[in-house]
Amino acid sequence: MTLHLDENTVALIELGAVFFVLGFLGRAASKVGVSPIPLYLIGGLAFGVGGVIPLGEASDFSRTAGEIGVILLLLMLGLEYTAAELTTGLRQSWLAGVLDLVLNATPGAIVALALGWGPKGALVLAGVTYISSSGIAAKVLSDLGRLGNRETPVVLSVLVIEDLAMAVYLPILTAVLAGIGLLGEISAVTIAVVVVTVVLISAVRYGHRVSALVYSDDREVFLLKLIGAALLVAGVASALQVSAAVGAFLLGIAISGSIAHEATRLLEPLRDLFAALFFVVFGLNTDPRAIPPVLGWAVLLAVLTTGTKLATGWWAARRVGVKRMGRARAGAALVARGEFSIVIAGLAVAAGAVDGRLAALATTYVLIMAVVGPIIARVVEPAVRAGERTMRRVRSDASPSAG
């Protein structure tokens, strides 16, 4: 029997192998109790340039599916918030958001400049180290039963501010990477701010109409309208030089109430599937041979930005009267980096406007932080309790009565 391996056949075989391997990687991550993101990135490294089994025919589909994955990730994130929650969080925690930006973007910018990557590289790496992974943070809070804790609204407020900051940052980044000049950059920022403001106001006043527009009692129709709206809005946002991902995020905000919950339930499996492909695609574009030269810098950034995120959460929680343990939990919940960091690095790599080593550094950094973040969140309580017991013993031994 003769095997007929045309382009479509090879693409199907490659995609089948990728999905099958991703299933095993996701199961392994679930058993260990960590985010699957690092394993998906490693899978991409294995199938990409310089990997064990480079993909060929399936790469175009994987790239498009990865873009859809980003849109669904941000759409789902938007569905978790209402416009009122966003505006309230912004008013209450804007100062913590400023501290978060300064503490966590600065290390990335400094390292990029130290490596000679110039202002563009500094802008990119600052974004990579700045923003926490909302997806990992939400999963950690849920898995550890902390959604009802007093510090959790503080964590969510910081995450919301970061997401809104991305709505302004990504158009700036896109303009800078494209080299369209100062006037173009100012225009991009102006458009981004106007679009975000209009959408938020519209979501507050007319969110129920947007929800009614996409909703249907028929699950198939509802899903088609929802995904169609997300892709359409993302495309229009991209045409307006506002990130496609941010456009999907803003659409999610506009959908509220029980319709948002139903949309989340329907979209979750698709989000997981396409998001997994997104992380794989980023790994595909990174040569694993480029990782060892930047490993030291990635570890340095991981250490620095773990400390700065812990400080951010601690300060923000303390400001609203949360006790010591809650402050530590708030900081730990913010440590992980993930989807947005890879989106930022992906934009830079696609534009070809930064040093090629940046993708390797971003991948290595996210690998470390996506693993370290959930671990720190789990061990922070026993660590704080052990520290408190040690301090009590020290004070007891030092007291006059002990002598």
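Residue numbers run from 1 in the order of the sequence given.
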Checklist line | side chain to side chain contact (heavy atoms under 4.5 Å, CB included) evaluation trace for V233 with L75 | finding: CA-CA 10 Å; V233 169; L75 174 63; over 6 Å; no
Mind checking whether [X] and [Y] have side chains closer than 4.5 Å, heavy atoms only?
X    : Y    : result
I71  : F274 : no
L267 : L79  : yes
I131 : I344 : yes
W117 : R357 : yes

Note to self: With salt bridge (Lys or Arg N to Asp or Glu O under 4.0 Å) as the criterion, how do E220 and K225 come out once you've worked through the C-alpha distance, each side chain's angles and the decisive distance to 0.1 Å?
What the structure shows: CA-CA 9 Å; E220 180 181 344; K225 290 170 69 175; over 6 Å; no
Going from [atom1] on [X] to [atom2] on [Y], what distance comes out if it is rounded to the nearest 0.5 angstrom?
X    : Y    : atom1 : atom2 : result
I291 : R289 : CD1   : CZ    : 11.5 Å
F24  : F19  : CZ    : CZ    : 15.5 Å
I227 : L223 : CD1   : CG    : 4.0 Å
L361 : L115 : CG    : CG    : 7.0 Å
S258 : Y215 : OG    : OH    : 7.0 Å
L251 : L231 : CG    : CG    : 10.0 Å

Closest heavy-atom pair and its distance - [X], [Y]:
X    : Y    : answer
T312 : A96  : CG2-O, 4.3 Å
V366 : G338 : CG1-CA, 4.0 Å
L113 : P119 : CD2-N, 4.3 Å
V335 : M369 : O-CE, 3.4 Å
W297 : V111 : CE3-CG1, 3.7 Å
R337 : V128 : CG-O, 4.2 Å

Note to self: Could you walk me through whether I255 and L226 satisfy the side chain to side chain contact (heavy atoms under 4.5 Å, CB included) test, starting with their C-alpha distance in whole Å, then the side-chain angles of each, then the deciding distance to 0.1 Å, before giving a yes or no?
What the structure shows: CA-CA 10 Å; I255 300 171; L226 190 60; 3.6 Å; yes
Less than 3.5 Å apart, which donor and acceptor atoms pair up between the side chains of residues 298-311 and the rest of the protein, not counting sequence neighbours?
unit_1, atom_1, unit_2, atom_2, d
T305, OG1, L301, O, 2.6
T305, OG1, Y365, OH, 2.7
T306, OG1, A302, O, 2.7
T308, OG1, N104, OD1, 2.5
T308, OG1, L304, O, 3.4
T308, OG1, T305, O, 3.1
K309, NZ, D100, OD1, 2.9
K309, NZ, Y130, O, 2.8
K309, NZ, S132, OG, 2.9
K309, NZ, E162, OE2, 2.5

Quick check against the 3.5 Å criterion: does [X] have a side-chain atom that pairs as donor or acceptor with the backbone of [Y]?
X    : Y    : result
N149 : E151 : no
T390 : A386 : yes
T106 : L103 : no
R150 : G321 : yes

Item checked: Sequence neighbours excluded, every pair satisfying side-chain hydrogen bond (donor to acceptor under 3.5 Å, both in side chains) that has a member inside residues 314-327 -> none
